[in-house]
Amino acid sequence: MSSDVPYTTEACCQIPVVQSTYQPQGEIIKMGKYDDVYVVGNKGSTTSVINVFDIFGFFPQTQQGADILAETLGARVYMPDFFFGKPYPLAEHPPKNDEQKKNFSAFFATTAAPDNVLPGLLEFANQLRKDGTSKLYVYGFCWGGKIATLCGCQTREDSSQPLFDAVAAVHPAMMNAADGKNLLVPIGIFPSQDENVEEFKKMVSELESKPFASKNAYRVYPTMHHGWAAARANLDDEENLKQYKDVYSRLATFFQNAA
């Protein structure tokens, strides 16, 4: 079943967040235009990773994943607050009436719209390059999967080289096969049972002619729900925890192999 948001399933609209007691290992700092950026990992690393969180913004499970990648990759992981302190309100999710359903759709069309988010992210990424980052990756959840994919089509401000070295989308929303048409770098796609898997199969197939095709990664998580690796992860559930660990391990391996 689809929602009113293009290429987004009803699960995105209906599955609630899960509270977590995890204590993030990083810190919140100001960087560039973003007053709040969650950062974790080796300050001296020349490997940087940017995360585009889901519509709920900073959440312990999402930050926990960033902590895992920072440690596994020996990288510095950055999670800018792309919503500037105004993530989708938990009080309205899942939407309980027509007005809240309209608000949900409007959030994707305004606050989370690629045209509103991508310029700031690219500016942030280019600054990391200028500051000495030699390897740069981005991964996103839900709507962030589309944002991350679009990042893979971008070149650097000061050259024709790709801005990112690899991109990844986990339980993505708003994505369709056409988003991969202009990719310049490898992509990892990790959907759950709730996503439009046929659309991603089509994207992977169409990318087989790209020179980086052998470095792409694709795995469907048939026992998982939309959001299982971010704010909707229930890490007290044995199967969810198992697949949560698996996808972050795959993300780390994908980024390492794409280098």
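Values below: all heavy atoms of this structure, side chains included; hydrogens, waters and symmetry mates excluded.
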Check your understanding: Does Leu122 offer a backbone N or O that forms a donor-acceptor pair with the side chain of Asn126 under 3.5 Å?
Key -> yes
**Study point:** Side-chain (Thr62) to main-chain (Phe58) donor-acceptor, under 3.5 angstrom
**Key:** no
Check your understanding: For Tyr38 and Tyr78, what are the C-alpha separation, side-chain angles and deciding distance, and is it a ring-ring contact (aromatic ring centres under 6.0 Å, His included)?
Key -> CA-CA 6 Å; Tyr38 177 74; Tyr78 301 85; over 10 Å; no
Practice item. Kindly say whether Val77 contributes a backbone atom to a donor-acceptor pair with the side chain of Asn51 at under 3.5 angstrom? Key: no
Check your understanding: When you measure from the side chain of Glu195 to the backbone N and O of Ser192, does any donor-acceptor pair fall under 3.5 Å?
Key -> yes
Revision key, fill the gap. When every non-hydrogen atom of Asn116 is compared with those of Pro119, the smallest separation belongs to C-CD, 4.2 Å
Check your understanding: Would a line drawn from the ring center of Phe141 to the ring center of His171 be shorter than 6.0 Å?
Key -> yes
Review point. Between the side chain of Thr133 and the main-chain N/O of Leu128, is any donor-acceptor distance below 3.5 Å?
Key: yes
Check your understanding: Pick from Phe107, Phe104, Phe83: which one makes a ring-ring contact (aromatic ring centres under 6.0 Å, His included) with Trp143?
Key -> Phe83
Check your understanding: Is a side-chain donor or acceptor of Ser205 paired with a backbone partner of Lys201 at a separation under 3.5 angstrom?
Key -> no
Can you list, pair by pair, the side-chain donor-acceptor contacts under 3.5 Å of residues 217-224, counting residues two or more places apart and other chains?
{"residue": "Tyr221", "atom": "OH", "partner": "Asp246", "partner atom": "OD2", "Å": "2.4"}
{"residue": "Tyr221", "atom": "OH", "partner": "Arg250", "partner atom": "NE", "Å": "3.4"}
{"residue": "Thr223", "atom": "OG1", "partner": "Glu239", "partner atom": "OE2", "Å": "2.8"}

Check your understanding: Under 3.5 Å, is there a donor-acceptor pair between the side chain of Ser249 and the main chain of Lys245?
Key -> no
Review point. Between Asn216 and Ile187, is there a donor-acceptor pair closer than 3.5 Å when you use the side chain of the first and the backbone of the second?
Key: yes
Exercise for review: Look at Lys146 together with Asp179 and state whether they make a salt bridge at an N to O cut-off of under 4.0 Å.
Suggested key: yes
Exercise for review: Please examine the side chains of Leu207 and Leu183, heavy atoms only from C-beta on, and report whether any two atoms are closer than 4.5 Å.
Suggested key: yes
Pair up each side-chain donor or acceptor in residues 158-168 with any protein partner under 3.5 Å, not counting sequence neighbours, and list the distances.
{"residue": "Ser159", "atom": "OG", "partner": "Gln161", "partner atom": "N", "Å": "3.1"}
{"residue": "Asp165", "atom": "OD2", "partner": "Arg129", "partner atom": "NH2", "Å": "2.9"}
{"residue": "Asp165", "atom": "OD2", "partner": "Leu136", "partner atom": "N", "Å": "2.8"}

Review point. So, Lys102 and Glu99, do they make that salt bridge, N to O below 4.0 Å?
Key: no
Exercise for review: Can you label the angle between the Tyr88 ring and the His93 ring as parallel, tilted or perpendicular, going by 30° and 60°?
Suggested key: perpendicular
Review point. So, the side chain of His225 versus the backbone of Arg232: is there a donor-acceptor pair under 3.5 Å, distance only?
Key: yes
Point to revise | Heavy-atom side-chain proximity of Val39 to Met79 below 4.5 angstrom | key: no
